[in-house]
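What you are looking at is a predicted structure, and each value in this text was computed from that prediction instead of being measured. Per chain, numbering begins at 1; letters A, B, ... match sequence-line order.
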Protein chains: 2
Amino acid sequence: MQRAPEHLRFAVLAADVALFTIRDKKLYVRLMRVNRPPHFPDTSGLPGGLIREDETAEMAATRILAERGHIDASKVYIEQLATFSEVTRDPRSRVVAVAYLALVPWETLSSIEQSDSDEAFWQLVERAPKLAYDHDHVLRNAHERLRSRISYSTLICKIVPKEFTLSELQAAYESLRGEFLDKRNFRKKMDMLDVLTPLKKKRTGVRARPALLYRFTSPKVLITPQL
Amino acid sequence: MQRAPEHLRFAVLAADVALFTIRDKKLYVRLMRVNRPPHFPDTSGLPGGLIREDETAEMAATRILAERGHIDASKVYIEQLATFSEVTRDPRSRVVAVAYLALVPWETLSSIEQSDSDEAFWQLVERAPKLAYDHDHVLRNAHERLRSRISYSTLICKIVPKEFTLSELQAAYESLRGEFLDKRNFRKKMDMLDVLTPLKKKRTGVRARPALLYRFTSPKVLITPQL
DNA sequence: CCAAAAGTGTTTTTCCTACACCCATGT
DNA sequence: ACATGGGTGTAGGAAAAACACTTTTGG
């Protein structure tokens with residue numbers, strides 16, 4: 001395929017990814033260490049990088065998550081969030097970034113993926129520092145979208161492990177919504193939504209009554225009536 | 001500002017706009033005549049064009065709506081929809097398009113804007129023909145987003161005129177949702193949402209009892225409980 | 001036997017739905 | 001006077017919210 005005339009191609013395209021997980025009932029986001037004086041010395045940012053000529057933005061997002069975020073993208077759910085095209089969002093040159101919202105269950109990550117490296121690390125969302133570029137904006141946007149989509153879809157199935165107890169699922173909802181729910185009403189609602197399949201196993205080894213395990217009947221993100 | 005190295009700038013950036021209005025209780029979209037043999041001879045598409053170096057994608061979208069769609073963009077509400085980056089979505093060269101959802105009240109359009117020209121015209125959404133590029137996809141996406149956002153926000157305020165009767169507002173909801181609503185329940189709901197201000201005027205000149213006029217209390221798009 | 005989390009129903013209140021008649025005006 | 005759309009209330013059913021105790025296991 002031909003390229004358009006050079007003067008029309010003034011911008012480079014980037015993909016930025018806000019990858020969330022839940023660990024110990026708290027919401028974390030994957031960040032990179034950024035050190036790009038003079039504008040961004042010793043700061044942090046979302047995993048991001050340039051889109052290549054033979055890639056869609058989404059392909060680039062998953063590749064970048066692997067290459068820079070050190071996360072096996074085959075475990076990760078990803079969906080487009082928004083495109084950020086402010087002329088000066090990167091002070092060095094014109095960069096238009098397509099941002100992605102990504103989710104991964106903590107339990108599917110390898111111990112290397114779980115641990116922090118010199119380049120990438122997991123950060124509690126509620127304690128996130130100021131980020132480079134417009135990544136604060138992107139992160140807020142992603143967090144807001146996540147909270148809102150959780151309420152009328154089964155998107156949460158992409159951030160909890162394959163098998164879970166109802167209490168664990170409830171805790172995930174609570175982390176994301178930032179409010180506590182009533183146990184009995186929560187179970188009634190889940191029962192009505194009819195999206196969970198009970199397994200024949202129980203969560204054992206805890207110093208308490210063993211809880212029945214469930215999984216989402218469909219791996220797809222389904223639109224539901226409001227939780 | 002500097003430009004990035006030439007080889008990284010393989011794509012051009014475009015903005016495409018799905019502009020909707022309601023006319024005579026039916027939903028219309030603004031289309032352009034497209035005649036670009038060999039790939040797209042004698043067809044139609046959404047208003048679209050290239051983003052310029054000193055513009056954000058949104059600025060480009062409003063400019064294109066004016067220049068190509070012949071619509072005064074100051075009357076138009078616009079919000080980002082999604083970015084389409086399929087490698088071959090334009091067969092001539094790599095084009096990444098940021099798509100916008102736009103709304104305008106039919107009543108605020110001038111008679112020139114209301115009428116069709118050689119370049120641009122209004123098309124009933126339910127009778128929309130096959131479109132060039134991936135604009136079918138974009139249009140379906142925009143229509144779906146519009147239907148869904150109408151149900152839990154006051155987005156509809158951007159497609160109805162400043163002043164309207166409750167019956168007119170109900171008709172707008174019905175056009176967008178494709179189903180009829182109960183008059184008394186609709187009025188009760190609107191009353192509860194508490195987003196409308198009754199005016200001291202009535203719609204006169206019609207061969208029936210004059211109806212009280214209302215306007216949206218806030219020009220902002222507010223999140224509401226589900227209609 | 002004690003600590004810890006699992007599991008389970010009922011009542012009250014709120015919201016949703018269905019439904020039919022009189023009113024004010026223009027012709 | 002009549003045709004046209006404007007405007008209003010109620011009753012029944014469904015869903016949401018509030019609320020506390022018994023069960024099962026591991027230590």
(request) Would you please classify the geometry between the A/Phe186 ring and the A/Tyr173 ring as parallel, tilted or perpendicular, with 30° and 60° separating the classes? (result)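 Ring orientation, 0 to 90° scale: perpendicular.
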(request) Determine the interatomic distance between P on D/dG5 and the same-named atom on C/dC19; round to the nearest Å. (result)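 Roughly 23 Å separates the two P atoms.
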Quick one: [X] [atom1] to [N] [atom2], roughly how many Å, whole number?
X: A/Lys183; N: C/dA4; atom1: NZ; atom2: C1'; value: 11 Å
X: B/Leu169; N: D/dG7; atom1: CG; atom2: P; value: 13 Å
X: B/Arg207; N: C/dC23; atom1: CZ; atom2: C1'; value: 16 Å
X: B/Arg187; N: C/dT17; atom1: CZ; atom2: P; value: 18 Å
X: A/Arg203; N: D/dT25; atom1: CZ; atom2: P; value: 16 Å
X: A/Phe186; N: C/dT8; atom1: CZ; atom2: C1'; value: 16 Å
X: B/Lys201; N: C/dA24; atom1: NZ; atom2: P; value: 22 Å
X: B/Phe164; N: D/dG5; atom1: CZ; atom2: P; value: 20 Å

(message) Please determine whether a side-chain nitrogen or oxygen atom of A/Ser167 lies at a distance below 4.0 Å from atom OP1 or OP2 of C/dA5.
(response)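 For C/dA5, neither OP1 nor OP2 has a side-chain N or O of A/Ser167 closer than 4.0 Å.
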(request) Using heavy atoms to find the nearest nucleotide of DNA chain D for A/Asp182 and A/Ala208 separately, return the residue whose nucleotide is more 5′. (result)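 Its nucleotide being nearer the 5' end, the pick is A/Asp182.
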(request) With DNA chain D as reference, determine whether A/Asn185 or A/Val206 sits nearer its 5' end, using the nearest nucleotide of each. (result)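 The residue closer to the strand's 5' end, by nearest nucleotide, is A/Asn185.
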(request) Could you tell me whether the side chain of A/Arg209 has a donor or acceptor atom within less than 3.5 Å of a complementary atom in the base of D/dT23? (result) yes
(request) State whether the distance check finds a donor on one side and an acceptor on the other, under 3.5 Å, for side chain A/Arg184 versus base D/dA20. (result) yes
(request) Would you check if the distance from the ring center of B/Phe84 to the ring center of B/Tyr133 is below 6.0 Å? (result) no
(message) Are B/Phe121 and B/Tyr28, when compared by the centres of their aromatic rings, separated by less than 6.0 Å?
(response)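 No, they do not, as the ring centres are separated by 6.0 Å or more.
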(message) For B/Phe20 and B/Tyr77: C-alpha separation, side-chain torsions, deciding distance, then whether ring pair (Phe, Tyr, Trp, His ring centres under 6.0 Å) applies.
(response) CA-CA 10 Å; B/Phe20 295 98; B/Tyr77 170 80; over 10 Å; no
(message) Between A/Arg33 and A/Asp118 (salt bridge meaning N to carboxylate O under 4.0 Å), is one present in this structure?
(response)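 No, A/Arg33 and A/Asp118 are not salt-bridged.
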Below 3.5 Å between N/O atoms, which protein atoms pair up with nucleotides 12-16 of chain C? Just atom names and distances, please.
residue	atom	partner	partner atom	Å
C/dC16	OP1	B/Lys189	NZ	3.3

(message) Can you confirm whether A/Arg177 sits close enough to A/Leu227 that some side-chain heavy atom of one is under 4.5 Å from a side-chain heavy atom of the other?
(response) yes
(request) Would you check if the side chain of A/Thr83 reaches a backbone N or O of B/Val98 as a donor-acceptor pair within less than 3.5 Å? (result)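 No; zero donor-acceptor contacts below 3.5 Å.
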(message) Under 4.0 Å, heavy atoms only, any strand: does B/Leu212 hit a base, just the sugar-phosphate, or nothing?
(response) sugar-phosphate
